[in-house]
Number of protein chains: 2
Amino acid sequence: MYHCPVELALDVIGGKWRTVMLAHLKERPHHYGELRRKVPGISEKMFVQRLRELQDAGLVSRTEISPHVQYSLTDEGRSLGPALQALYDWGVERAARTGASIVGT
Amino acid sequence: MYHCPVELALDVIGGKWRTVMLAHLKERPHHYGELRRKVPGISEKMFVQRLRELQDAGLVSRTEISPHVQYSLTDEGRSLGPALQALYDWGVERAARTGASIVGT
DNA sequence: CGGAATCCATAGGGATACTG
DNA sequence: CAGTATCCCTATGGATTCCG
């Protein structure tokens, strides 16, 4: 039971790491270890946990390929594109205004 | 130090309540008690805390008027419009797809 | 490689009562 | 009305180890 559609959206993509993971997967599919390395600062436990949540939410799909496991965005995940872009753009402007620093990506 | 502009954006508007509060203030300025009543389920402590954070982030302004205190969006707060709208729209679609229920607002 | 399980610390949040 | 101030508690997350 949400009190606002935005609340629902943040319930799915909110938090510190999910959008970072989505941002990388938006570029292209990643192997587990590969994606893992692109999200420094997070613990193993949290990484897996968030990844599972994104899977359970239907935004990310998991495929076992040869000796690897590959993660990619589902159509549902891609439907977040405009929203993520809007947040991205605002984040860029805001960083410019406040002097906050953003690394990587 | 963020790893993605979206992370910065979520740092400012993320969490369970801030966007709900912003959504109401986007409609029009509100008195304290008035806004308070529109955000049911949150504790007094969290309500004030979130409101202060939005003020400190420069998204919300506080004005003492006669016996009341009024909160409204600043220009910076209004600059979030497109991003909030995109999230709102996605939230509505998502609710339709998943059957999640959204009340109020 | 791709995780699962465990243990532990603390920050975040709830309920309630009090104040200018 | 518009907040502060406590007290308490549990959910979240970190570090580390183990497993197929």
Side-chain angles (χ1 to χ4, degrees), chain A residues 1-4 6-22 24-25 28-57 59-74 77, chain B residues 1-4 6-22 24-25 28-57 59-74 77:
Chain A
M1 191 78 104
Y2 300 95
H3 297 89
C4 172
V6 179
E7 198 190 334
L8 183 160
L10 288 179
D11 201 31
V12 177
I13 64 162
K16 194 173 181 182
W17 303 109
R18 280 184 279 223
T19 55
V20 178
M21 298 163 77
L22 288 172
H24 289 302
L25 292 178
R28 59 175 178 77
H30 284 68
H31 290 163
Y32 178 91
E34 193 182 20
L35 182 59
R36 179 68 230 274
R37 280 188 298 280
K38 290 196 177 179
V39 188
I42 190 176
S43 72
E44 191 76 30
K45 179 179 166 184
M46 287 302 105
F47 179 75
V48 177
Q49 195 167 305
R50 298 293 161 253
L51 204 48
R52 290 287 163 277
E53 289 165 0
L54 291 175
Q55 271 182 252
D56 294 346
L59 303 181
V60 166
S61 68
R62 176 186 187 276
T63 323
E64 302 199 12
I65 297 180
S66 61
H68 287 295
V69 176
Q70 178 163 301
Y71 291 92
S72 41
L73 287 190
T74 61
Chain B
M1 191 79 103
Y2 300 96
H3 296 89
C4 174
V6 179
E7 197 190 334
L8 182 160
L10 288 180
D11 202 32
V12 177
I13 64 160
K16 194 173 182 183
W17 302 110
R18 279 183 279 221
T19 54
V20 177
M21 297 164 77
L22 288 172
H24 290 301
L25 291 177
R28 58 176 179 77
H30 284 68
H31 291 163
Y32 178 90
E34 191 182 23
L35 183 60
R36 180 68 232 274
R37 279 188 298 280
K38 290 197 178 179
V39 189
I42 190 177
S43 72
E44 191 77 30
K45 179 179 166 187
M46 288 302 106
F47 178 75
V48 176
Q49 196 167 304
R50 296 294 160 254
L51 203 48
R52 289 287 164 278
E53 288 165 2
L54 292 175
Q55 272 182 254
D56 294 345
L59 304 181
V60 167
S61 67
R62 176 186 188 277
T63 323
E64 304 200 12
I65 298 179
S66 61
H68 287 294
V69 175
Q70 177 163 302
Y71 291 92
S72 42
L73 286 190
T74 61

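Residue numbers start from 1 in every chain, and the chains themselves are labelled A, B, ... in the order their sequence lines are given, proteins ahead of strands.
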For atom [atom1] of [X] and atom [atom2] of [N], their distance in whole Å:
| X | N | atom1 | atom2 | value |
| --- | --- | --- | --- | --- |
| A:Gln49 | D:dG14 | CD | P | 10 Å |
| A:Gln70 | C:dG2 | CD | P | 10 Å |
| A:Met46 | D:dG14 | CE | C1' | 8 Å |
| B:Lys45 | D:dA5 | NZ | P | 12 Å |
| A:His30 | C:dG2 | NE2 | C1' | 16 Å |

Please determine if a side-chain N or O atom of [X] lies less than 4.0 Å away from the OP1 or OP2 oxygen of [N].
| X | N | answer |
| --- | --- | --- |
| B:His68 | D:dA2 | yes |
| B:Tyr71 | D:dC1 | no |
| A:Arg52 | C:dG3 | yes |
| B:Arg62 | D:dG3 | yes |

Would you mind telling me which residue lines up with the more 5' stretch of DNA chain C, A:Glu44 or B:Glu44, judged by nearest nucleotide?
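Looking at the nearest nucleotide for each, A:Glu44 comes out on the 5' side.
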### Message
Just by distance, no angles: are the side chains of A:Gln55 and A:Arg52 close enough, under 3.5 Å, to form a donor-acceptor pair?
### Response
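Yes, because at least one side-chain N or O of A:Gln55 sits under 3.5 Å from a partner of the opposite role on A:Arg52.
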_Short side-chain to backbone donor-acceptor contact, A:His3 and B:Val20, under 3.5 Å_ =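 Judged by distance alone, no pair lies under 3.5 Å.
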What's the closest nucleotide to the A:Ser43 side chain, out of C:dA15, D:dA15, D:dA2?
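Among the listed nucleotides, the one closest to the side chain of A:Ser43 is D:dA15.
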